[in-house]
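One-based numbering along the sequence shown. Here the structure is a predicted model, which means the values were calculated and not measured.
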Amino acid sequence: MTKKHSLKHILLRKSYLLAAAFISICVLFIGGCSDKLSTTPDQSDSINTEKATKKFNAFTENLLKNELKSNTLSLHYTAISPAALGIDDYEISIGSYSTQSMNNSYNQVRQYQEQLSSIPYDYLSNEDKITYDIINWYFSHQIDPSEFPYFDEPLSKTIGIQSQLPILFCEYQFRNQTDINDYLKLLSLFPAYFDEIITYEQEKSANGKFMADFSANRIIKSIEAFLSQTSDHYLITSFAERLNSVEGLSEEQKNNYITANNSIIIDSVFPAYQKLLETLKSLSTTGTNSGGLCNFENGATYYEKLLQKSIGTQKSASELIAMVDKKLSDDLDKLGTLLTSNTSLIENLNNLNFEMTQPEEILNYLQSEMKADFPVAVDCKYNIKQISKSLQTTLSPAFYLAPPIDSANENTIYINPSYNTESLTLYSTLAHEGFPGHMYQNLFSSSKQTNPVRALFSFTGYSEGYATYAELQSYNYLNFDKNINQILSLSNSITLAIYARLDLAIHYEGYNYNQTHDYLVKYGITDQETTTEIYQSIVEQPGNYMCYYGGCCEFNELLKKYKKNHSDFSLKEFHNYILSIGDAPFEILEKYMN
């Protein structure tokens, strides 16, 4: 199963970081009746435009500062130089996870939206209108936690907080001593942060919404794997390595920092994970639902809202079902036609030989071959790293860590060697995470956007949908017969469609394990172990597969509309359009298409 994702916004997405403190924006319009009488219409428009721009800039600057100051981990990953964003001081915080923080966050969003609505939209520039539309859409589609209490789930085997936080800390780069000190303070906050998660899970259990038994057991195993290392734990070994990047540290200072880090890991981080482990064991049999969200009261409605928010779509669940069914049917027809028209293709498929095996070689090849279809990207540096052996069974096949907004040279692609054992699998993985996928999209879009507030707003349907679209596109660049390339692309698309359709079937239509098994058998998947893994993964990660495949389908629909509206169609120009606007809901991408 291929589950690839970007970690850049995981804490913004899962820790409810919209700030609790109300920021009052007091940028007033200047002038009265006498000013209006003494200006021509053109002068009045110019003055109104200037006022609107100032007010919008003040709003976005304060929003960005407010959000980043509330979470030091997000701040570090967003900006190398916080002072350039007007952030000179901040309290060390890892965020909060509680019902109270969720309600505070939702109420803060409503206050933000009220401030946003006071800005004269018609006088904004086109770029500011796009940013305004994105922010407003994001605010409008937040889910009221009081209406759907305890539906959110911070923990899961692969994309849960307990799995992803260690990677974010392992990749926390030290640029100066302030970074080191902030890092150690953040580590010391693990017990309090995990206590909030523990309380939330206990409340979920008391309200009959604790996770399925098998989900708890999968997470328990992932935590046990994390705790299986001690003195050679990657959070300990990587810390010592990262200290070498800070200039001017004496050996004594390094040793003192290493001692402090080891102490915090052993006395704070490990006990926090151990306490979470023990809590999950005690709650593991209290789940009342081993199936999809629709089995809870209001669960189907919540799932539909979750899809719309995450994908960035206005489509209802029924419309998404129809979209996936049609794409799956079309792809199956195309694949059948190809295979029946030339029976030798099957034999050729069994004898494919893709010789590139090194990640850097594959990325260079993709970067060269994609030039005909994609605009030129910003030059960048990147690192390819392997996931620690202790995490290979609990993390995804690969993921991309984006650089801060004020640097393009801290790109990291993590590869899980336990999944990427074949060269063609590694090829498609790197196309998704690197070129023309996540890394390329992030660098190109960032080079086109001037307002840093865009870093706060992410739509998984755009980011993962685009990376999936790019991955499928990359099969065209293989040096095989074009029919072979198309078969490989269609096969990958069909597999993702099956997972996405089951996402909808389990969480919206109520498919149980047996119905899931029967559905998979129709497509030749009969192995019980595979069926169990697919079913359990989808149950514990509602909407995850739909963000990948649903987002990809939305891009394909945009492509069809773009072709229809442009007689001089160019695939490169279409890619330039969607990448220049950047991470946004599909409704807004379509609005600015022409």
Side-chain angles (χ1 to χ4, degrees), residues 2-13 77-78 158-159 164 167-168 171 310-312 359-360 362-367 369-370 373-387 395-405 407-416 419-420 425-449 454-455 457-475 477 492 496 544-545 547-552 554-555 575-576 578-584 589:
T2 53
K3 292 172 285 186
K4 308 162 190 168
H5 51 90
S6 168
L7 297 181
K8 180 178 180 182
H9 298 283
I10 184 63
L11 295 179
L12 290 173
R13 194 160 45 85
Y77 271 93
T78 302
T158 56
I159 61 174
Q164 301 209 345
I167 294 296
L168 290 175
E171 278 299 311
S310 301
I311 296 174
E360 291 80 2
I362 293 173
L363 285 171
N364 288 337
Y365 175 82
L366 282 165
Q367 205 171 359
E369 294 298 313
M370 64 182 270
D373 297 326
F374 292 85
V376 176
V378 176
D379 288 335
C380 71
K381 296 178 181 178
Y382 58 84
N383 294 310
I384 306 291
K385 297 185 178 181
Q386 287 197 352
I387 292 172
L395 283 180
S396 302
F399 53 83
Y400 163 67
L401 280 174
I405 58 176
S407 171
N409 291 322
E410 290 188 15
N411 300 273
T412 304
I413 296 175
Y414 265 98
I415 296 174
N416 191 335
Y419 288 92
N420 297 283
T425 304
L426 181 60
Y427 174 87
S428 64
T429 293
L430 290 170
H432 185 108
E433 306 299 340
F435 297 104
H438 282 309
M439 184 161 64
Y440 168 76
Q441 177 268 318
N442 180 74
L443 292 167
F444 186 90
S445 296
S446 298
S447 72
K448 298 293 182 179
Q449 295 156 15
R454 290 286 299 273
F457 299 95
S458 176
F459 303 88
T460 313
Y462 180 98
S463 58
E464 295 299 351
Y466 169 79
T468 301
Y469 166 89
E471 178 183 344
L472 297 176
Q473 177 76 15
S474 74
Y475 286 102
Y477 309 138
N492 193 349
L496 291 170
N544 186 51
Y545 285 106
C547 285
Y548 288 73
Y549 191 74
C552 181
E554 291 276 14
F555 276 114
H575 292 153
N576 183 68
I578 60 174
L579 291 165
S580 294
I581 292 181
D583 207 325
L589 288 170

* Side-chain contact, heavy-atom cut-off 4.5 Å: F374 with N576? -> no

* Structure fact -> Shortest non-hydrogen pair, P436 vs S474, comes out as CD-CB, 4.4 Å

* To do: Indicate the atoms forming the closest heavy-atom contact of I581 with R454, along with that distance.
  => O-NH2, 2.6 Å

* Decide yes or no for Q386 and Y414: does some side-chain heavy atom of the first lie under 4.5 Å from some side-chain heavy atom of the second? => no

* Asked: With a 4.5 Å limit on heavy-atom distance, are the side chains of Q164 and I159 in contact?
  -> yes

* Would you say N383 and I413 make side-chain contact, with heavy atoms under 4.5 Å? -> no

* Asked: Between CD1 of I387 and OG of S396, what distance do you get to the nearest 0.5 Å?
  -> 7.0 Å

* When you measure from the side chain of H575 to the backbone N and O of D373, does any donor-acceptor pair fall under 3.5 Å? -> yes

* Asked: T468 and L496: side-chain contact (heavy atoms from CB on, under 4.5 Å), yes or no, with the steps?
  -> CA-CA 9 Å; T468 301; L496 291 170; 3.5 Å; yes

* Atom OH of Y400 and atom OG of S463: how far apart are they, to the nearest 0.5 Å? -> 11.5 Å

* Asked: With side chains defined as the heavy atoms from C-beta onward, is the minimum distance between C380 and Y440 less than 4.5 Å?
  -> no

* Write down the atom of T78, the atom of A455, and the distance for their closest heavy-atom approach. => CG2-CB, 4.1 Å

* Please check if the side chain of N409 supplies one atom and the backbone of K381 the other of a donor-acceptor pair under 3.5 Å. => yes

* Structure fact -> Value for CD (E554) from OH (Y549), rounded to nearest 0.5 Å, stands at 12.0 Å

* To do: Give the intermediate values and the outcome of side chain to side chain donor-acceptor pair (under 3.5 Å) for residues T460 and E464.
  => CA-CA 6 Å; T460 313; E464 295 299 351; over 6 Å; no

* Given side chains that start at C-beta, do those of C552 and L472 come closer than 4.5 Å, heavy atoms only? -> yes

* Donor-acceptor contact present, side-chain Q441 to main-chain A467, <3.5 Å -> no

* Asked: So, are E171 and K385 salt-bridged, with charged N and O less than 4.0 Å apart?
  -> yes

* Hey, are Y466 and D583 close enough side-chain-wise for a donor-acceptor pair under 3.5 Å? -> no

* For the pair F459 and S310, evaluate side-chain contact (heavy atoms from CB on, under 4.5 Å) and give the outcome as yes or no after the intermediate values. => CA-CA 6 Å; F459 303 88; S310 301; over 6 Å; no

* If you round to the nearest 0.5 Å, how far is CZ of F435 from CZ of F444? -> 12.5 Å

* To do: Measure the spacing between CZ of F399 and CD of E433 and express it to the nearest 0.5 Å.
  => 9.0 Å

* To do: Please confirm whether the backbone N or O of T425 pairs with a side-chain atom of S428, one donor and one acceptor, at under 3.5 Å?
  => yes

* For the residue pair I384 and L363, establish whether any side-chain heavy-atom pair is separated by less than 4.5 Å. => yes

* Side chain N420, main chain N416, donor-acceptor under 3.5 Å -> yes

* Asked: Do you know which two heavy atoms are closest between L589 and G582, and how far apart they sit?
  -> CD2-O, 4.1 Å

* Taking the side chain as every heavy atom from C-beta outward, state whether Y462 and S445 have any atom pair closer than 4.5 Å. => yes

* To do: Can you measure from CG (L443) to NZ (K448) and round to the nearest 0.5 angstrom?
  => 13.0 Å

* Asked: Without hydrogens or angle criteria, can the side chains of Y469 and H432 be said to hold a donor-acceptor pair below 3.5 Å?
  -> no

* Quick one: do L401 and L168 satisfy side-chain contact (heavy atoms from CB on, under 4.5 Å)? Show the steps, please. => CA-CA 9 Å; L401 280 174; L168 290 175; 4.0 Å; yes

